[in-house]
Amino acid sequence: MLRLEQSEEKTTTYDAIVIGSGIGGLVAATQLAAKGARVLVLEKYVIPGGSSGFYERDGYTFDVGSSVMFGFSDKGNLNLITQALAAVGCEMQVIPDPTTVHFHLPNDLSVRVHREYVDFISELTCKFPHEKEGIKQFYGKCWQIFNALNSLELKSLEEPIYLFGQFFQKPLECLTLAYYLPQNAGDIAKKFITDPQLLSFIDAECFIVSTVNALQTPMINASMVLCDRHFGGINYPVGGVGGIAKSLVKGLLEKGSNILYKANVTKIILRNGEAVGVRLSDGREFFSKTVISNATRWDTFGKLLKGTHLPKEEENFQRIYVKAPSFLSIHMGVKAEVLPSDTDCHHFILENDWTRLEEPYGSIFLSIPTVLDPMLAPEGCHIMHIFTVSCIEDWQGLPVKEYEAKKELVADEIISRLEKKLFPGLKASIVFKEVGTPKTHRRYLARDSGTYGPMPRSVPKGLLGMPFNTTAVDGLYCVGDSCFPGQGVIAVAFSGIMCAHRVAADIGFERKSPMLDAVLLRLLRWFRTIA
Ligand SMILES: NC(=O)c1ccc[n+]([C@@H]2O[C@H](COP(=O)([O-])OP(=O)(O)OC[C@H]3O[C@@H](n4cnc5c(N)ncnc54)[C@H](O)[C@@H]3O)[C@@H](O)[C@H]2O)c1
Ligand SMILES: CC(C)=CCC/C(C)=C/C=C/C(C)=C/C=C/C(C)=C/C=C/C=C(C)/C=C/C=C(C)/C=C/C=C(\C)CCC=C(C)C
């Protein structure tokens with residue numbers, strides 16, 4: 001990080017200030033820096049990455065959140081993490097994961113999502129032989145959409161020269177995407193599949209990437225993840241997920257831009273209604289041609305623009321989307337012998353009752369990244385990163401002692417369930433344990449109520465209602481998971497690429513047509529109101 005002299009703060013005008021260094025913010029920043037823009041990233045915490053950050057304790061390197069990495073392969077157009085790193089001259093070594101996730105579901109339904117598509121389909125068909133045709137048809141539709149996506153060069157859908165250019169070059173693919181844009185995975189699954197248990201399995205497939213069931217999951221997003229895991233595969237970065245943000249920061253600095261840590265933005269400064277800079281909690285102010293917020297839209301409009309009128313578009317967003325609950329996380333170090341030798345890296349556990357899928361503490365996510373990269377833990381030990389849905393309301397207003405006791409109690413119950421279902425002797429094998437609650441996530445990730453991201457209030461019209469990057473405030477852009485296409489590391493990386501393209505056009509680093517802009521932006525705004 002370069003030091004900024006005090007006089008420089010007041011006088012330097014950047015091309016863009018990015019609030020927050022989650023993957024969304026860092027991708028936007030590095031894409032702009034790669035185009036020659038001067039960018040300043042302001043991060044509240046002491047390291048970059050947000051929910052894709054890392055922390056070290058007692059010889060362990062823990063991923064804060066994300067461990068399942070889509071978009072990290074060396075082929076196609078959808079390897080957006082690889083592309084984002086390459087844009088600033090970085091490359092990371094990755095370890096291919098042979099199994100995306102091992103599902104442990106009610107009625108002893110166990111399904112491994114193998115890297116090879118044919119192996120996965122044959123395992124699923126073995127469990128549901130009477131649905132062989134339906135399985136082929138549903139996942140086949142996903143491939144049709146994925147192939148359309150993968151054929152496009154991905155840039156801002158809010159930039160007409162690019163968008164119309166893609167329609168001209170790939171009309172069939174663009175029409176396919178336009179057709180599926182307002183649709184959800186559950187409706188399409190129901191066209192081909194009738195077995196209620198298989199439909200519940202599709203719900204679980206969608207839930208792990210959208211925190212809602214298939215009927216509420218946009219078909220484009222479902223297709224993206226259900227196919228990329230077989231096309232490019234899931235690949236884990238050597239040294240842990242935190243390395244992605246560290247590499248992006250290195251690339252950012254090498255391109256002559258900068259990042260400041262412990263820089264808590266408390267206000268977006270407006271002049272004549274236009275965003276022109278930001279103020280930090282310690283009083284420092286920075287100015288720029290554009291401001292990009294990687295804080296959630298609830299934080300951006302509710303806190304950083306507090307006191308200004310909530311634009312109609314944001315009212316519309318909040319009408320369609322609510323904050324998904326937060327989660328309880330347990331980071332553990334365990335003795336290696338507790339794991340059977342063929343243990344997969346990622347597991348999803350829902351023991352007895354399908355109806356508990358979306359409930360707090362209903363299902364359990366478990367990642368064991370040391371299965372892929374043993375160097376993340378001391379010799380003879382593994383990392384277990386466990387998380388489950390939990391609401392902040394459950395944890396508020398408790399005196400410290402009760403709060404700590406509740407953490408222990410809830411974590412103990414989750415660990416007992418894992419011990420019973422998967423790993424006998426688990427409790428006795430624990431050598432390190434740290435529990436995070438929704439309050440922890442609110443504090444360290446600076447996300448309102450510790451939310452995991454946005455989720456539709458009811459059944460959405462696919463992705464139609466999800467806002468892109470421009471906002472009703474001139475000069476202010478949003479990036480991250482409360483923008484199109486939503487939650488997920490690869491999704492926010494796409495949002496970063498889109499955002500940087502739109503900003504670059506607005507500040508003269510890319511071509512733009514003001515007349516076409518006005519038409520397209522008005523049209524997209526209208527689409528969102530009918531969602
Ligand atoms: N694959 C997985 O296992 C997994 C797990 C967890 C999270 N994730 C994904 O990561 C995505 C989130 O990425 P993102 O880029 O939207 O954001 P993020 O929440 O990861 O990062 C936002 C960053 O902005 C900073 N910030 C917020 N307000 C600030 C302020 N006022 N001043 C300065 N800094 C501020 C935060 O400290 C944080 O570092 C989620 O959608 C989620 O799906 C994935
Ligand atoms: C403009 C208009 C209106 C129209 C036109 C048409 C067109 C052209 C269109 C286009 C479109 C596009 C391009 C789109 C795109 C999209 C995308 C890219 C998407 C993506 C998505 C992604 C996602 C969603 C992802 C997600 C993921 C996630 C979330 C993950 C997670 C994970 C986890 C949680 C883990 C688990 C764990 C265990 C199990 C342990």
Side-chain angles (χ1 to χ4, degrees), residues 1-2 16-34 39-57 60-72 79-95 234-255 257-265 292-296 329 331 367 369 373 375-376 383 385 436 441 444-447 452-453 479-481 483 487-497 499-500:
M1 180 183 78
L2 304 175
I17 283 176
V18 179
I19 307 170
S21 68
I23 296 298
L26 282 178
V27 170
T30 44
Q31 292 278 309
L32 279 166
V39 185
L40 176 64
V41 179
L42 298 168
E43 168 55 53
K44 182 176 176 183
Y45 194 40
V46 293
I47 55 155
S51 18
S52 304
F54 69 100
Y55 71 96
E56 290 168 325
R57 293 273 191 288
Y60 296 91
T61 304
F62 292 113
D63 296 334
V64 165
S66 343
S67 284
V68 179
M69 291 293 121
F70 296 86
F72 215 163
N79 55 354
L80 300 176
I81 308 282
T82 312
Q83 289 180 37
L85 289 165
V88 284
C90 297
E91 192 183 353
M92 288 182 75
Q93 240 189 305
V94 294
I95 305 158
I234 300 300
N235 298 293
Y236 188 79
V238 173
V241 167
I244 301 175
K246 281 197 270 183
S247 300
L248 288 171
V249 167
K250 182 171 161 279
L252 181 81
L253 298 178
E254 279 169 10
K255 293 280 171 201
S257 285
N258 202 7
I259 180 164
L260 296 183
Y261 298 106
K262 297 192 205 163
N264 179 19
V265 176
I292 300 172
S293 177
N294 187 203
T296 70
S329 61
H331 285 96
S367 290
D373 184 354
M375 300 305 285
L376 301 170
I383 282 177
H385 176 197
H441 303 122
Y444 289 103
L445 303 178
R447 298 171 71 90
Y452 185 78
V479 72
D481 63 10
C483 301
Q487 296 173 19
V489 178
I490 183 173
V492 300
F494 180 42
S495 138
I497 289 170
C499 184

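One is the number of the first residue; the rest follow in order along the sequence.
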Give me each pair satisfying side chain to side chain donor-acceptor pair (under 3.5 Å) with a member in residues 79-94, each pair once, sequence neighbours excluded.
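Qualifying pairs, neighbours excluded: N79-Q83.
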Only one of V479, D481, I490, V27 forms a side chain to side chain contact (heavy atoms under 4.5 Å, CB included) with S495, so which one is it?
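Running side chain to side chain contact (heavy atoms under 4.5 Å, CB included) over V479, D481, I490, V27 with S495 returns exactly one hit, V479.
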Residue that, paired with V39, satisfies side chain to side chain contact (heavy atoms under 4.5 Å, CB included) out of V18, I259, N258:
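Option passing the side chain to side chain contact (heavy atoms under 4.5 Å, CB included) with V39: V18.
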Pair Y236-D63, side-chain contact (heavy atoms from CB on, under 4.5 Å): steps then yes or no:
CA-CA 11 Å; Y236 188 79; D63 296 334; 2.7 Å; yes
Would you say that [X] contacts [Y] through its side chain, given a criterion of any heavy-atom pair below 4.5 Å between the two side chains?
{"X": "I292", "Y": "C499", "answer": "yes"}
{"X": "F62", "Y": "H385", "answer": "no"}
{"X": "V489", "Y": "M69", "answer": "yes"}
{"X": "V64", "Y": "Y55", "answer": "yes"}
{"X": "I234", "Y": "F72", "answer": "no"}

List the atom of N294, the atom of G22, and the distance in Å for their closest heavy-atom pair.
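So the two residues come closest at OD1-N, 2.9 Å.
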Nearest 0.5 Å please: distance from the [atom1] atom of [X] over to the [atom2] atom of [Y].
{"X": "L32", "Y": "I497", "atom1": "CG", "atom2": "CD1", "answer": "11.5 Å"}
{"X": "C90", "Y": "E254", "atom1": "SG", "atom2": "CD", "answer": "6.0 Å"}
{"X": "L253", "Y": "L248", "atom1": "CG", "atom2": "CG", "answer": "11.0 Å"}

Taking only distance into account, with no hydrogens and no angle test, what donor-acceptor pairs under 3.5 Å do side-chain atoms of residues 41-49 form with protein atoms, sequence neighbours excluded?
from	atom 1	to	atom 2	distance (Å)
E43	OE1	S21	N	2.8
E43	OE1	S21	OG	2.8
E43	OE2	Y45	N	2.8

With a 6.0 Å cut-off on ring centres, are Y60 and H331 close enough?
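That pair fails the under 6.0 Å test.
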